[in-house]
Amino acid sequence: LYTGYCLQQLGRETDALAVYSLGSDLDANLLAPPDPRREPATRERLQACSSILRQHFSALHRESIGDSPDLVRVRDAIWVLTHDSPVQRPASGQQPHLFYVPGLPPIRYADTAALPWAAGIEAAAEAITTEFQQALPVISGTGRPYIAKGATLGDDFSGLVGSMNWTALDLYREGQRNDPVAQHFPRTLAALEQAPLYGLGAHPYEMFFSLLKPGQHIRPHYGLSNHSLTVHLPVTIPPDCELVVDGEARRWEPGKLVAFDDTFLHEAINGSDRDRIVLIFSVWHPDLSDTERRAIQRSFEARLAWLAQRKVPLH
């Protein structure tokens with residue numbers, strides 16, 4: 001914090017931004033409003049840090065979108081943690097942690113019958129389930145805790161952090177294909193090609209089988225952004241299992257997709273004595289045009305590129 005402030009006072013804004021940003025990776029409080037009880041010099045530096053980072057990231061977003069009249073709502077989108085104006089909670093009750101596009105119709109549960117690609121995937125549900133059952137003996141040891149060890153999500157998630165109680169078997173993770181698993185699912189991957197899969201490049205951002213152990217409860221929480229929907233395809237659904245989105249509980253039905261906006265408060269419960277297994281993937285929000293989708297990708301790509309080139313100055 002003090003190094004970044006010194007660089008900023010010397011007029012070395014590029015270096016100051018890099019140092020401040022690297023510092024905020026270590027302590028997100030650098031972007032929070034300064035505690036009035038803090039020592040005045042530190043409070044001044046915290047304010048300078050938050051202000052310059054917010055201005056930088058907001059300008060980076062707007063420059064990546066451009067001024068096309070077709071992209072107004074994407075240009076007005078909010079990077080929640082680094083927006084340069086106060087962020088108001090959407091009246092719908094959504095609480096995105098990362099990115100929010102105003103003007104997108106809020107979708108708690110999507111009407112999957114109205115999604116033109118859904119019927120084709122549902123028609124392949126039995127084949128996908130068979131493929132999973134055949135592959136499971138080979139891939140069962142490749143799973144990971146969905147919530148990584150060391151994650152700080154509060155006491156509600158203490159039974160899931162670093163635990164295989166909620167296991168992910170990844171076909172794609174953060175845009176990268178996981179060949180040890182994906183190679184066993186040619187029919188699944190072919191079926192999902194029908195969907196407008198969300199991704200920042202040529203590949204889906206995420207696609208995985210989610211195994212929730214008996215008696216486990218994924219506590220109510222909010223997701224990252226409203227520009228995509230989370231889709232579940234049931235694979236193994238014992239009794240006493242349900243998904244709750246914004247207070248509305250639904251049971252997974254064999255062969256039927258469930259699509260929802262995870263920026264609404266949601267939770268999942270397995271009250272049975274067997275694993276609950278669903279295939280999870282993300283699709284673009286259906287109200288976004290292709291032009292808007294590409295603009296969102298540009299914003300994410302610009303941000304990732306800037307973050308990747310940061311370094312602490314040598315002098």
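Count residues from 1 along the sequence.
- Side chain to side chain, S210 and R276 meet the donor-acceptor criterion of an N or O pair below 3.5 Å.
- Side-chain contact check for H221 versus F157: some heavy-atom pair is nearer than 4.5 Å.
- In this model, a donor atom of one side chain and an acceptor atom of the other lie less than 3.5 Å apart for T82 and R303.
- Salt-bridge check for D275 with K213: passed, with a basic side-chain N closer than 4.0 Å to an acidic carboxylate O.
- A donor and an acceptor atom, one from each side chain of T130 and Q134, are nowhere located under 3.5 Å apart.
- Residues H56 and Y20 have side chains that never bring a donor and an acceptor to within less than 3.5 angstrom of each other.
- Relative ring orientation between H61 and F99 is described as perpendicular, the plane-to-plane angle rising above 60° on a 0-90° scale split at 30° and 60°.
- In this structure, W306 and F57 have perpendicular ring planes: the angle between them is above 60°, well past the 30° mark.
- Judged by the 6.0 Å distance and 45° axis criteria, R45 is positioned over the aromatic ring of Y2.
- Closest approach of R293 and P196 over heavy atoms only: NH1-CB, 4.0 Å.
- Annotation for I237 and V278: closest pair CD1-CG1, 3.8 Å, computed over non-hydrogen atoms.
- Looking only at side-chain heavy atoms (C-beta outward), L7 and P313 come within less than 4.5 Å of each other.
- In this structure the side chain of F209 reaches within 4.5 angstrom of the side chain of L171, judged on heavy atoms.
- The hydrophobic cluster of M164 has no other members, since no ILVMFWY side-chain heavy atom comes under 4.5 Å of it.
- Between R219 and E267, no side-chain nitrogen of the basic residue sits less than 4.0 Å from a carboxylate oxygen of the acidic one, so the salt-bridge criterion is not met.
- Between the side chains of W284 and H227, not a single donor N or O lies within less than 3.5 Å of an accepting N or O.
- With sequence neighbours excluded, the residues satisfying side chain to side chain contact (heavy atoms under 4.5 Å, CB included) with E248 are Y109, R250.
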